[in-house]
Amino acid sequence: MSDRSFTPAFISFKALSGWLRALAQKATVHAPRREGRAVVYRELGDGQGLESFLRPTESAKHVLFPRSEALFSFQRQGEAAGAASGKIRLQEPEGEGPAIIFGALSCDARGFLSFDPVYDGCGTAQAVGGIAKDPYYLRRRANTSIIVRACKSALNTCFCHWVGGGPASTEGADLLATDLEGGLLLSPCSEAGAALLEHPDCVPALPEQIAAAAALHAAAERSLGEAPPAGELAASRAALLALFENSEFWQRQSAQCLSCGACTYLCPTCYCFNITDESNGIAGARLRSWDSCMSALFTLEASGHNPRAAKAARLKNRVGHKFSYYPAIHEGRFSCCGCGRCIKSCPSSVDIRKIVLAAIKEAAHV
Amino acid sequence: MSKAQSAAQSAAGTAPGKGPGPGARPAFAGDLPNPYLPMPATVIEVINESPSIKTFRLVLNDERAMRDFHFEPGQVGQLSMFGVGESTFVINSPPTRKDYLQFSVMKAGENTAALHGLSAGDTVGVRAPLGNFFPYESMKGKDIVFIGGGIGMAPLRTLLLFMLDTRKDYGRIRLLYGARSPQDMAFSAELPDWLVRGDLETVLTIDREAEGWEHKVGLIPNVLLEMAPAPENCVAVTCGPPIMIKFTLQALEKLGFAPEQIVTTLEKRMKCGIGICGRCNIGDKYVCVDGPVFTLAQLKGMPNEL
């Protein structure tokens, strides 16, 4: 790893689109685009408005974890009589080529870090059956470069700094882009990121540009609200367990919740999925699709029994998973990147920050 | 490090302190086995156990996979009906008998209804073995009492037959098996043998009197209290519907069994079966990988969300 490869570059806004188009020759480039009232990721196209900083309404998780994907397809061979007669041929899909996410937020890049150990089988390390790794996710993960665009300022729903992040955090990023006068400073954070800068329009950055970016990052950090004192949040692990049977607390917290699941679909760290089959009788596919633990169907058993039939039990599980169960399995890390989308997009103003703090406070009184 | 310093460092492209470094990601090798891909298997026999339960004996189509298939008593598998779906069942044949893999399926939903349409020669998909297993090593030298209710007899069958096949390792073995009615009793072809063999004491019970029934009549927990197995050097293994489990656990505790001496096996709605998809958790435990077998002592340490 040479020092030269990690030298920051500068690209003018005028040249930005040309650079990304050049990258798009070798990889599918996903970039934010305004559509109606939302900012969504789309494959690079005309009029994408790349020059201005856009704050994506959705996370970029679908690039590595598609909303729906075929795990395999199947085809019956021989006579097509009964549903199970004849031989069956299974075919795994071909993996996609490389991808680049341009304009991810730093919280989004950090969100993938909470997916990684789950899909890499770290949660199953103790399992008798051995470690099960998810080849679909891991293939995309290895093939995807992430260009983070540093946040200019925080929203009042942002709390990345509670959970170890920041507006210009480079964790999980390959390249950090910072909006300067007339262009972007591109600071490589990995070999893969440095390789993206091999383009004539990416010129070596000037020291004053690097200093200006640092000042902007510091200003963005200052725009974040007060975080709970260091270490206080770690009490959530025990607190959420202590409150598990406090149904009065959870009914209070979930009173407004509509079980719509917007929080889970927009969350960069929610990774739960469903597996279903689609078939015309002869051929079909087994699909994996995003699922939501906010839905009562999520845990409904064939017998009719449902361990989380009440919305209070479901919200408790979502908060518990992120701030207690996941940390218990994965070295104390929260499964939350503090992006605040669940708060911003909740139609009934459920605020996970308030729930976690209330739980810590409530448990301390018991 | 001050915020400004840290910001300056990040602008210059170096890592802030916490967590995995920038660009860090798990390794990926192209030849990673695909845990979602079922192994095709052929049904060699279907047994009608009760109006709602059928037993399927399967052989993996790949001879080598069948020969090398290794599992432990209590481990589960996912059965696929291609085009319908996949659901989880215990492998209820013991690892000591490997001519076929046996699964017993109670018709309850879409996939189980489709499975009930299978006949010999049909193809299904199998993902197995999954999950943990009964702690049979630590049960060696001890008396064992099995308490099974309805389809809950299936996971007990694998351990019961395993212990009968390695009989000298265990003390007195007793079985209490109950169902609503004689017709609801699974494994009826095997019951005559279980009732007469000298190395097993079997008690059968049904909920209400039925014509021609020569065994006990009464709810499982009550019959268990009558049997009154002594807790000393004994392990109780139980599985059945939630209401039966609830009162059976109470009965066992009344008889003096400590939570460590009571083993049960749970079920939850499962999809991936490998600890990823997120729906079968009880707190930080996933029933598909940390279970399905738990001692009552373990369950008492977990959130109450069965």
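All chains are named by letter (A, B, ...) in the order of the sequence lines, taking the proteins before the strands, and each is independently numbered beginning at 1.
Only the side chain of Y136(A) comes within less than 4.5 Å of a heavy atom of chain B; its backbone N, CA, C and O stay farther away. If you measure heavy-atom distances from S119(B) to chain A, you find no contacts under 4.5 Å at all. The parts of P38(B) that come within reach of chain A are both its backbone and its side chain, each placing non-hydrogen atoms under 4.5 angstrom from that chain. With a threshold of 4.5 angstrom between heavy atoms, N61(B) does not approach chain A through any atom at all. Looking at N317(A), the atoms closer than 4.5 Å to chain B (heavy atoms on both sides) all sit in the side chain, from C-beta outward. The part of R286(A) that comes within reach of chain B is its side chain, from C-beta onward, which places non-hydrogen atoms under 4.5 angstrom from that chain. Neither the backbone nor the side chain of F71(B) comes within contact range of chain A; no heavy atom of the residue lies under 4.5 Å from a heavy atom of that chain. Proximity to chain B is limited to the side chain of F74(A), based on heavy atoms less than 4.5 angstrom apart. For a residue to count as touching a neighbouring chain, one of its non-hydrogen atoms must lie under 4.5 Å from one of that chain's; by this rule C272(B) touches chain A with backbone and side chain alike.
For R180(B), the CZ atom sits in a loose shell: 12 or fewer heavy atoms of surrounding residues, nucleotides or ligands are nearer than 6.0 Å. More than 12 heavy atoms of other residues, nucleotides or ligands lie within 6.0 Å of CE in M39(B), so this atom counts as buried by the packing criterion. When the shell of 6.0 Å around CD of E45(B) is examined, it contains more than 12 heavy atoms from other residues, nucleotides or ligands.
Most heavy-atom pairs under 4.5 Å with chain A, from the set S87(B), A108(B), G283(B): that is G283(B). For chain A, the option among P241(B), S80(B), C288(B), A128(B) with the highest count of heavy-atom pairs below 4.5 Å is S80(B). Each of Y119(A), F244(A), F112(A) has some count of heavy-atom pairs under 4.5 Å with chain B, and the biggest count is that of F244(A). Options P135(A), C270(A), A313(A), G320(A) differ in how many heavy-atom pairs under 4.5 Å they form with chain B, and the most are formed by P135(A). Most heavy-atom pairs under 4.5 Å with chain B, from the set F298(A), Y137(A), Y326(A): that is F298(A). In terms of non-hydrogen atom pairs under 4.5 Å with chain A, the most contact-rich of M270(B), E86(B), R269(B) is R269(B).
A pairwise comparison of heavy atoms in P35(B) and A132(A) identifies CB-CB, 4.4 Å as the closest pair. Residues L241(A) and P303(B) approach most closely at CD2-CG, 4.0 Å, considering heavy atoms.
The distance from the CD1 atom of I274(B) to the NZ atom of K133(A) is 12.0 Å, given to the nearest 0.5 Å. Atom CZ of F115(A) and atom CD1 of I276(B) lie 11.5 Å apart (nearest 0.5 Å). Separating the CG atom in D134(A) from the CG atom in N34(B) is a distance of 8.0 Å, to the nearest 0.5 Å.
A salt bridge does not link R237(A) to D284(B): none of the charged nitrogens lies less than 4.0 Å from a carboxylate oxygen. Note on R25(B) versus D116(A): no salt bridge recorded, every NZ/NE/NH1/NH2 to OD/OE distance being 4.0 Å or above.
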Go through it in stages, so that I can follow the logic: the residues are I329(A) and Y286(B), the test is side chain to side chain contact (heavy atoms under 4.5 Å, CB included), and I'd like the CA-CA distance, side-chain angles, deciding distance and then a yes or no. CA-CA 11 Å; I329(A) 302 170; Y286(B) 287 87; 3.8 Å; yes
Audit row: N281(B), R308(A), side chain to side chain contact (heavy atoms under 4.5 Å, CB included) steps and yes/no: CA-CA 11 Å; N281(B) 73 302; R308(A) 295 198 280 264; 2.9 Å; yes
Worked check of side chain to side chain contact (heavy atoms under 4.5 Å, CB included) between E92(A) and Y36(B): CA-CA 10 Å; E92(A) 293 177 74; Y36(B) 299 100; over 6 Å; no
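Side chain of K271(B) to backbone of N274(A): no donor-acceptor contact under 3.5 angstrom is found. The closest donor-acceptor contact from the side chain of H305(A) to the backbone of K268(B) lies at 3.5 Å or more, if one exists at all. At least one donor-acceptor pair closer than 3.5 Å links the side chain of R279(B) to the backbone N or O of F273(A).
F28(B) has its side chain out of reach of R140(A): every pair of non-hydrogen atoms, C-beta onward, lies at least 4.5 Å apart. Contact of the N304(B) side chain with the E245(A) side chain is registered, since non-hydrogen atoms from C-beta on lie closer than 4.5 Å.
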